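Some notes on the structure that comes next.
Computed from a predicted structure; not experimentally measured.
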Amino acid sequence: MREPSIDIKTEDAVFLAVNQPLDLRATIDSGQVFRWRWDGDWCYGVIGEHAYSMRQADGGLLVRSSATSQMEVSGPVADFLRLDDDLEDMLRDLANDTPLANAVKRWQGLRILRQDPWECLVGFVCSQVSNIPRISRNMASVAEAYGERVELDGRFLHRFPGAERLAAAGEDGLFALGLGFRARYLAKIADNVANGDVDLAALRLAPYGEAKAALTQMKGIGDKVADCVLLFSLDKMEGFPIDRWVMRALVDWYGHEEKARYGDLLSWAQERWGNRAGYVQQYLFHHRRLMG
DNA sequence: GAAGGGCCTTTGAG
DNA sequence: ACTCAAAGGCCCT
């Protein structure tokens, strides 16, 4: 039996009104981000320079942060959660799409996040032939080894180290953190980003195809990882990452062949769902992974 | 150009 | 102890 207690963390928390469907738990736990941690109803993580904790509350969110001004608290959080997306509008017609309707109904409020592109890129290069718990460990190792510390609620979080840092760490430094064969890719990718060969910020403004080409030209980034980065950090809502789970959904629920080519499935999904494809993918992924 | 197979590290589950 | 799977991709036939 739990003792009634005052939640001291709600003191001096900022209230952020949310007039959008939001399931914070499902969103944070849907394999988009790998460095957020739960402590009861509060989740802790880093957005940009600052550490944040947030908790779902009636009509919105309670947010605490190492940032000092209220603007620095609500702005980045609203941006991160893509509260500018009209989720109801995005998902409205999908109730007629039977297999999808179940997922949408079950996980209503699962949102696509708008992450920092560099951290997102590293996370999904790490995701190759891995699993979410391990990716999380890898990302924590990288941040603890090379990122600056930020304090919040007496706990220490880490900013994600920039490309220059990881380029300096090199393949050996990254391999030592347990990244396996991914260390080689990441060292080179870090180099490309650090020296300006690839400008991630610029890709946010570029069209989908152009941005994807810029990403996949780097070794270690194929169709799938690129689509994750495009969707989760570069505002390309037509991105449709197809991993094992989404593939199973496409085969079992939409009659595709197991051997279908990535590009053909991608075109099919984008034609069917347009700029909602990214959201559709996230609901399919989450539902299939957790419900089987 | 397309398709298939081996290989790349590590971890945990069964 | 051994096999399989895990938000894949590269490289060589």
Rounded distance in Å - [atom1] ([X]) to [atom2] ([N]):
X: A:Leu250; N: C:dA7; atom1: CG; atom2: P; value: 16 Å
X: A:Tyr283; N: C:dA7; atom1: OH; atom2: C1'; value: 18 Å
X: A:Asp223; N: C:dG9; atom1: CG; atom2: P; value: 7 Å
X: A:Arg184; N: C:dC11; atom1: CZ; atom2: P; value: 10 Å
X: A:Asp243; N: C:dG9; atom1: CG; atom2: C1'; value: 14 Å
X: A:Leu290; N: C:dA6; atom1: CG; atom2: P; value: 14 Å
X: A:Tyr185; N: B:dT9; atom1: OH; atom2: C1'; value: 11 Å
X: A:Lys188; N: C:dC10; atom1: NZ; atom2: P; value: 14 Å

- Item | Contact under 4.0 Å: A:Arg244 side-chain N or O vs C:dA6 OP1/OP2 |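 For C:dA6, OP1 or OP2 has a side-chain N or O of A:Arg244 closer than 4.0 Å.
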
How would you label the contact of [X] with the nucleic acid (heavy atoms, under 4.0 Å): base, sugar-phosphate, or nothing?
X: A:Thr216; value: nothing
X: A:Val129; value: base
X: A:Arg288; value: nothing
X: A:Ile132; value: sugar-phosphate
X: A:Gly31; value: base

- Task: Can you tell me which stems involve DNA chain B, if a stem is defined as three or more consecutive Watson-Crick or G-U wobble pairs, both distances under 3.5 Å?
- Result: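 Stem segments, range with range: B:3-8 with C:8-13, B:10-14 with C:2-6.
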
- Residues two or more places apart in sequence or in another chain: which of them pass salt bridge (Lys or Arg N to Asp or Glu O under 4.0 Å) with A:Asp235? A:Arg82, A:Arg114, A:Arg204

- Message: Can you list, in residue-number order, the parts of residues 253-264 of chain A that come under 4.0 Å of DNA chain C, counting heavy atoms only?
- Response: none

- Side-chain donor/acceptor of A:Arg134 to base of B:dT10, under 3.5 Å: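 Counting by modelled atom types and ignoring angles, a donor-acceptor contact under 3.5 Å is found here.
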
- Query: Between the side-chain atoms of A:Arg182 and the base atoms of B:dT9, is any donor-acceptor pair under 3.5 Å?
  - Reply: yes

Given [options], identify the nucleotide with an atom nearest to the side chain of [X].
X: A:Phe232; options: C:dA6, C:dA7, B:dT9; answer: C:dA7
X: A:Phe175; options: B:dT9, C:dG8, B:dG12; answer: B:dT9
X: A:Pro241; options: C:dG8, C:dA7, B:dT11; answer: C:dA7

- Would you mind telling me which of A:Arg64, A:Arg55, A:Arg155 makes a salt bridge (charged side-chain N to carboxylate O under 4.0 Å, His left out) with A:Asp39? A:Arg155

- Do we see A:Trp245 stacking on the base of C:dA7, given a limit of 5.5 Å between centres and 30° between planes?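 Taking the rule of under 5.5 Å and under 30°, the ring of A:Trp245 does not stack on C:dA7.
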
- Task: Hey, can you tell me if A:His286 and A:Trp107 have their rings parallel, tilted or perpendicular (30° and 60° cut-offs)?
- Result: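 Correct class here is perpendicular.
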
- Is the CD atom of A:Glu151 crowded by more than 12 outside heavy atoms at less than 6.0 Å?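 Enclosed.
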
- Item | Atom of A:Val198, atom of A:Ala214 and distance for their closest heavy-atom approach |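 Closest pair (atom of A:Val198, atom of A:Ala214, distance): CG2-O, 4.2 Å.
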
- Looking at A:Phe34 and A:Arg37, what are the two nearest heavy atoms and their distance?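 Heavy-atom minimum between the residues: O-NH1, 3.3 Å.
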
- Going hydrophobic residue to hydrophobic residue with side-chain gaps under 4.5 angstrom, can you get from A:Val229 over to A:Ile112?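 Per the 4.5 Å side-chain linkage, A:Val229 and A:Ile112 are co-clustered.
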
